[in-house]
Amino acid sequence: MSEHDETVIAALRHAPGFDNVNAGACKITRLGGLTNLVHLVETDTRKVIVRIPGEGTDEYIDRAIENNNANAAYSAGVSAEVLWADAATGVMISEAIQNIETMTSDLFASRAGSPARAGVALAKLHGSGEVFEFRFELFAMIDDLSLIHISEPTRQAEIS
């Protein structure tokens, strides 16, 4: 077992019912993820997702809000159940959705009906009445990220 797999198992042991999980009896598969390290962990009886936050993500992701919203999405019927989450570290353990596959932009573009299925899920989510603690403003976020990247060299030059 690799050091990385040991980290995944150590995180999993926080979830209810997994405190004595046997690492040798688990199959760990690295899934996709842009900002986090996401793993499918299969035991003899269950499949769960272990999400370990990527380096530096705590600077721009509020994990307490994320946890609230993940639970709201589950209640709305469009996401997996969160079994355990730690807002301080960003580790999250959730049930695996059967036949889960990370949706990349290539898969989204090549799979017939992907936009329609996404639209149905978003409509269900928005019509659920669940309360989310964050408003996702894509263009404002892009502008904020652009300012960060543009100003980085300037800050470095001022420090030098």
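Excluded from the calculations below are hydrogen atoms, water molecules and symmetry mates; all remaining heavy atoms, backbone and side chain alike, are included.
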Looking at Phe132, I want to see if its CZ is surrounded by more than 12 non-hydrogen atoms of other residues, nucleotides or ligands under 6.0 Å.
yes
Hey, could you give me each pair passing side chain to side chain donor-acceptor pair (under 3.5 Å) that has a residue in residues 78-93? Not counting sequence neighbours.
Asp86-Thr89
Here the gap from Asp5 atom CG to Leu12 atom CG, rounded to the nearest 0.5 Å, amounts to 12.0 Å
Contacts of Arg13 that satisfy salt bridge (charged side-chain N to carboxylate O under 4.0 Å, His left out) - sequence neighbours left out
none
List the residues meeting salt bridge (charged side-chain N to carboxylate O under 4.0 Å, His left out) with Lys124, not counting sequence neighbours, and say none if there are none.
none
Does the side-chain contact (heavy atoms from CB on, under 4.5 Å) test come out yes or no for Lys47 and Leu40, once each step is laid out?
CA-CA 7 Å; Lys47 294 180 182 181; Leu40 172 65; 4.1 Å; yes
Please name the pair of heavy atoms, one in Asn69 and one in Val131, separated by the smallest distance, quoted to 0.1 Å.
OD1-O, 4.5 Å
Within the structure provided, determine whether Ile93 and Val82 are in side-chain contact (heavy-atom separation under 4.5 Å).
no
Hey, does Ser94 have a side-chain heavy atom less than 4.5 Å from the side chain of Val48?
no
Distance-only donor-acceptor pairs under 3.5 Å for side chains of residues 26-39, two or more places apart:
| from | atom 1 | to | atom 2 | distance (Å) |
| --- | --- | --- | --- | --- |
| Arg30 | NH1 | Gly32 | O | 3.4 |
| Asn36 | OD1 | Arg63 | NH2 | 3.0 |
| His39 | NE2 | His4 | NE2 | 2.7 |

My understanding is that only residues two or more places apart in sequence, or in another chain, count here; which of them pass salt bridge (charged side-chain N to carboxylate O under 4.0 Å, His left out) with Arg117?
none
Residues forming a salt bridge (charged side-chain N to carboxylate O under 4.0 Å, His left out) with Glu95, sequence neighbours excluded:
Arg46
Identify the two heavy atoms, one from Val78 and one from Ala121, that lie closest to each other, and give their separation to 0.1 Å.
CG1-O, 3.6 Å
